[in-house]
Structure formats: C-alpha cells, structure tokens
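Any value given below was found using the heavy atoms of this structure, including those in side chains, with hydrogens, waters and symmetry copies removed. We name chains A, B, ... by the order of the sequence lines, and we start the count at 1 in each one.
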2 protein chains.
Amino acid sequence: MTPQKPRRPLTLRDVSEASGVSEMTVSRVLRNRGDVSAATREKVLTAAKTLGYVPNKIAGGLASQRVNLVAVVIPSLSNLVFPDVLGGISAELDDTGLQPVIGVSNYSPAREEMVLYDMLSWRPSGVILAGLEHSKAATAMLSNSGIPIVEIMDTDGQGIDTLVGISHHRAGREMADHILAAGYRRIGFVGTHMPEDHRARKRLVGFEEGLAEKGVQLEAREYYQGGSSLLKGRELTERILARAPDLDFLYYSNDMIGAGGLLYCLDQGYDIPGRIGLAGFNGVDLLDGLPVRLSTTDARRHDIGRRAARIIAGKDATPPDRVVALTPTFLPGDTIRAIP
Amino acid sequence: MTPQKPRRPLTLRDVSEASGVSEMTVSRVLRNRGDVSAATREKVLTAAKTLGYVPNKIAGGLASQRVNLVAVVIPSLSNLVFPDVLGGISAELDDTGLQPVIGVSNYSPAREEMVLYDMLSWRPSGVILAGLEHSKAATAMLSNSGIPIVEIMDTDGQGIDTLVGISHHRAGREMADHILAAGYRRIGFVGTHMPEDHRARKRLVGFEEGLAEKGVQLEAREYYQGGSSLLKGRELTERILARAPDLDFLYYSNDMIGAGGLLYCLDQGYDIPGRIGLAGFNGVDLLDGLPVRLSTTDARRHDIGRRAARIIAGKDATPPDRVVALTPTFLPGDTIRAIP
DNA sequence: GTGAAAGCGCTAACAA
DNA sequence: TTGTTAGCGCTTTCAC
C-alpha cells in the first residue's frame, strides 16, 4: 500500500522483480491461469498490490488475440428505452468477464458506421446493435469482422448474423385489432418524423394493415421531430385534435408523448376512455404514477438485452434460424375501453 | 468493394501487399500523418477499402502508447441525470478524436473500483467520474495512473485532480432560503435512503442549515430505496402527509419523485402553492408538460459534461485551483408561492 | 510448478 | 516522400 510515484507506468517486469518471480508466472497469477503454488501466488499478489500494478490490456489483447469487450451500439441514451436494454445486457454479462462498451449513433446511419468502425478496431468479442437497417459499408464491415453480431429490437427483416427482438409490425397490428374490438373507429396517429426510426415505421405499417382489414383508415397523422417529452405530447395532441376534432382514438409512437397527450386530454376534460382512447408504446414504468395509466405495449426491452448478451457470452446456443422473436405484450392500462 | 472472406483478420501487411506500398506508408495514410504523395495515398485508400481493412487499435495503442479513449464512470443510466451529462461529454469530445467509454457503478463503491480498474487497464487518455467519494483503492489507482482525472457533479470536498460541478450544499441552502422567504415554515423532506448518494446528502445538510439559521427545523422526513419514479413519489407523499398532515412544504431529492408528489397533491385537491409548496432537484425537461411546473434547481448537467470533456481534451486550461464550480440556478416553476 | 524465447500488429525514430 | 529497424508489454508455446 505504498505505491511509488509512477513516472513510467508499471509493467509485469516490475512486479516480477519485486516478487522475485518470473514475468510468466506473474502473468499466470494475475490471470488465475495454470498451476501456481500457493506460496508464489501469495508473493505475486502482494507485490502487485503493493506497487499498485494495473495490467495493460492493450498488450495482453495483442498477445492473446482476445479482448473481453462487447461493443453495444444504440441510437440514443435519452430515449428511455435504451437504458433498459443496457440494463439487461450488463446484468447478463456481469459474471462472464465480458464488458459492454457503449456507442451512440444518434439515429444516424453515417454516425453508426463510424462508431462501428471505431469499435471494431478494438477487436471486441461481439457486437450488439439496435435495428436491422445499416449502411452498406457497415453491413459489410460487420459481416467480414468474423465476430458474433446480434441485431436487437426488431425481427421484421433480414439480419447479418443473429436477431433478438420483437416484431413491431405485429405489435402495431395487435394494437389495431384491440382498438377496433373495443369499438373505436375514428383513429389518429402521432409519431416521430424520423426517416431512420424504422421500428416506429413498421409499427405504423402493421397498425394500418390491421385497420384496413376491417375497412378502417387513419383519419389523421401528426409528426414531430426531435426528442420525445410530455410537452411535445401535449402540443401534438392539441394540434391533431384541432384538425380532426372527432377522433375517438390516438395511437402514439411512444409512451412519453402518449403520456403528454393523456395529460392534455385530462386537462381538457375529455372522458377517457369513453369519448377518446389513447395508447402508447414501450411499457415504460417510469410513468406509472400518472393520474391514469396509459394503455401500451411492452416492448420486452430488458429481455432483449439479456438474450442478446447471452448469445454473445455463449450461454445460449444460437437458435437454428438465427432469430429470437419475443412476444410484445399488450398492457391494458386505463385508456382503452373494455372490449364489449 | 469485393472483400475477401477473412479467415485471418486483415493486417497492414495485407494492405501493403495489395497496394505495393510499404507498411509504414500505409500506416501514415490511414492516420493522415506525415507527407504522402497524392498518388500513393490514393493507391493505399483504394486497397484498404477494397479489402475492407479495419485497423487494429490494440496494436496501434501498444506501439504508440496512446489511446483515444476517455473513461467515463457514472452511477446509473436509468437515473435521468446521467444521460444529460454524457450528452455534454460526447458533444464536446466529438471533434477531438477522443471517444468516451461508459462504465456504470450502480452507486456501489466496490463496483466503481472494479470498473475503474478495468478501464485503467486500457490506458485511456483521461477519466471522468461522478462524485468525490471513492474507495481508498480507487483513489490510489487514479492518483497513480498518471492520467488526467476529472471528478464531476460535486464540488463540496477534496478531489484527486480536477473537479467540475456544483455545490450541492449551496443548492440545498439556497432552496431553504427561498422557501423561507416565501413564507413556508412547516417543512418536510422526501429522499433516497442511499448511504452512497452523497450529493443528495449534502443538499439535505445545506438545506437544514439554511432552515436552522432562521430557527426552522424539518418536521418530517420520508426515505425510500431503489430507483425514482412517479409512483414512488406519490406513495411517499401520501405517507409523509399522513404522518404530518400540516406540512406546508415538501422538498424532494429529485424531480421524478417530486413530480409524483405533485400529481398526488393535485389529485387530493391541495391548493398548490398556497396550502402546500413543493420543490424538486435537477431541472429535467422531460417532465415539462405536467399540469403544473415543479419548482426545482437546475443542476447544470450538460454544462458539467462539457466542461469536464474540455479539460480532458485539453481545450481548457486546467483552472489554477483545479475546481470549476458552476452555479446551480433556481427554476421558479409554479409550486412555490411568490416571495411577498 | 516454473521459466525462456518468440511474436502479436502496429508506430517511433531514424535513414535514405 | 518513402522505407527500415526495433520494440511497445504482454501471452503462447514449449522446454525443463
């Protein structure tokens, strides 16, 4: 516990000299590898701790051609969704010696490509990334990397290697079925206008298909740009209801703007879910304490993170068809009428 | 654009051979270093792209003893506060060639120590970590690492190297002054019971000092464990008001539970801010669309991230006293009476 | 159970 | 402007 002032960073050699044990054996001790006598082990550990030695993984990685890093690339951190996924990943990686390294693409394919390039240059043990839509160069990089790739969140499409997620198409469709069964007919949609938010788009497509099957069409749409917040939800709701006052249902592309819409409708004294029904998407529990619980779909974020991590860690056999499709579950809440 | 199937990962040598240029010059081109003729440059870039070469930063880092990584260690991702800080950091690092690597400690000093050990073993160019309270071993590791360390969020205490943050003590104190000036006297506190949430603790100490100076004492406290949510804010508020029904003010340790409390009080028909006043902490704009704006203190999260990153990137001179103290600013909102 | 030699893929330093 | 040499700090492999 009397570390020297390190003008030069400490190396294995320093620990070797301090303990009178060869570098090789020091290395064995520090990695719990091979057979080392209790006595030498003790000497080495004491020396390492006394000096304050921190191994150099750069050198170690180069020598062993193995790195305990898992690259995780997500579109955003401020979107409440992704911390949940990361929680699942890190919970599952915790006892594997693997470490997640997080990169953020800001929903930009170009940026995603850069981030991936950067991460692959560290030769990680695996890559987990959100979505199925990537730049051509990114797809090529990943395919050629020779490491396990897990694309998460979405199963509607073709993957590079393994997919873990839900079908957003199906989630949208099931919500449509539910709403129609509850008797709503004049339906509006509020969502992001992000060409790159493919999952939201797929939900909407599935939703509209579900409606169309019963001869119903969306009466109005309201799009917005940028992040989601309660305030934005309010504004959009006010706007769409001004344009189409006789809507009897609003489907939001996420819970945050849905909650904003809910607060707006409560303010305006709408009868919910009688006069108007509302639904969001994600199943964010942060919002549980609102005056009324928003109906929504649980996107299985935590599970998705866990399953993806299990595959990278080699705890799960890769599924034969390379797809792990989880089931999005409907969370009733209080903003949709009971089905008669 | 016809990448070979890589049984063996590609190396500089492959690019060298494919382009007929020496490894060294290939390396120069790929790093934009030194003078290389436009012709060779072109040859090299074409070859690299055709092969799908991704440089190996492990080898590069070992050879150059430099790594473009900045270790960022925070307690949690689900706490809304930290994504904002990360946003500031990554915005500022964007044009520097440095890359943040995020580690999460879950408010556990032991885990923080492990995460730091892991990150330091990659020899990053700098470390940014939340708070001033670390395990002895962690403090030693950081001091001996020989790399720039910036501790963020808090300036009440002694740092290892450089501090960027606000004084939570002062923030608590100023809120006390404000509340008393507005005429509230029967005051309760609702907060986490996390021995490791030092910043919340310091705010509370400052708050109580501010009260004590005017002869006022906290009448009730309500603590909770685990994450913050609207629901928890409701429950805690119900509980504290059941125990101490004549409280006329509630100070919450963060905006999320404060907002839950606000919703509860609205439900119960309390006159806000007449009969009872409320305040939170942080200034999260996610909650902006609530029926009533919660009074709070802006913790300057984004700025803190930016300043910390600037210091690591060498864009700012390190302040002479090694402390960058930002000013927490009071956000009036609608839940505190005007000062008479 | 322990050690010696070789080399991982790249870049610093110097030479041409 | 380009090339050559040495070596970063560790682990693999093999010998003892």
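Distance alone, capped at 3.5 Å, places no donor-acceptor pair between the A/Glu196 side chain and the A/Pro109 backbone. Although no hydrogens or angles enter the test, the distance criterion places a donor-acceptor pair under 3.5 Å between the side chain of B/Ser125 and the main chain of B/Val67. Using a distance-only test at 3.5 Å, with no hydrogens or angles considered, a donor-acceptor pair links the side chain of A/Arg111 to the main chain of A/Val104.
The distance from atom CD of B/Glu42 to atom C1' of D/dT1 is 17 Å, rounded to the nearest whole Å. We find that CD1 of B/Ile58 is positioned 23 Å from P of D/dG7, with the value rounded to whole Å. In this structure, A/Arg33 atom CZ and D/dT13 atom P are separated by 11 Å, rounded to whole Å. Going from atom CG of A/Leu10 over to atom C1' of D/dC10 covers 15 Å, rounded to whole Å. For the pair B/Glu17 CD and D/dG3 P, the interatomic distance rounds to 14 Å; values are reported in whole Å. Here C/dG7 presents its C1' atom at 15 Å from CZ of B/Arg8, a figure rounded to the nearest Å. Rounded to a whole Å, the CG atom of A/Asp35 is 15 Å from the C1' atom of C/dG3. Taking atom NZ on B/Lys43 and atom P on D/dT1, their separation rounds to 15 Å, with Å as the unit.
No hydrogens or angles were tested; on distance alone, nothing pairs the side chain of A/Arg123 with the base of C/dG9 as donor and acceptor under 3.5 Å.
Taking only side-chain nitrogens and oxygens, B/Arg31 comes nearer than 4.0 Å to OP1 or OP2 of C/dA12. Distances shown here put a side-chain N or O of A/Ser22 below 4.0 Å from the OP1 or OP2 atom of C/dG3. Phosphate contact (OP1/OP2 of D/dC10, side-chain N/O of A/Tyr53, threshold under 4.0 Å): present. Remark: B/Arg66 is in phosphate contact with C/dA12, judged by side-chain N or O atoms under 4.0 Å from OP1 or OP2. B/Ser27 has a side-chain polar atom (N or O) that falls below the 4.0 Å cut-off from OP1 or OP2 of C/dT11. Contact annotation: A/Gln65 side-chain N/O to C/dG7 OP1/OP2 distance is not under 4.0 Å.
Mapping B/Thr40 and B/Ala59 onto DNA chain D via the closest heavy atom, the residue that lands nearer the 5' end is B/Thr40. Residue A/Thr11 is the one, among A/Thr11 and A/Arg28, whose nearest nucleotide of DNA chain D lies closer to the 5' end (criterion: closest heavy atom).
Side-chain contact between B/Val21 and B/Val36: absent, with no pair of heavy atoms (C-beta onward) separated by less than 4.5 Å. Side-chain contact between B/Arg301 and B/Leu80 is absent, with no heavy-atom pair separated by less than 4.5 Å.
The B/Met24 side chain lies nearest to C/dT11 when the options are C/dT11, D/dT12, D/dC10. With D/dG3, D/dT2, D/dC10 as the candidates, the nucleotide lying closest to the side chain of A/Asn56 is D/dC10. Residue B/Leu62 places its side chain closer to D/dG9 than to any other of D/dG9, C/dC10, C/dG3. Of the listed nucleotides (D/dC8, C/dT2, C/dA12), D/dC8 has the atom at the smallest distance from the side chain of B/Ala63. Among C/dC8, C/dG1, C/dA12, the nucleotide with an atom closest to any side-chain atom of A/Ser37 is C/dG1. The side chain of B/Thr25 sits closest to D/dG3 out of D/dG3, C/dT11, D/dT11.
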- request: For A/Asp118 and B/Lys57, run salt bridge (charged side-chain N to carboxylate O under 4.0 Å, His left out): C-alpha distance rounded to whole Å, both residues' side-chain angles, the deciding distance at 0.1 Å, then the answer.
  value: CA-CA 9 Å; A/Asp118 253 53; B/Lys57 288 212 181 171; 3.6 Å; yes
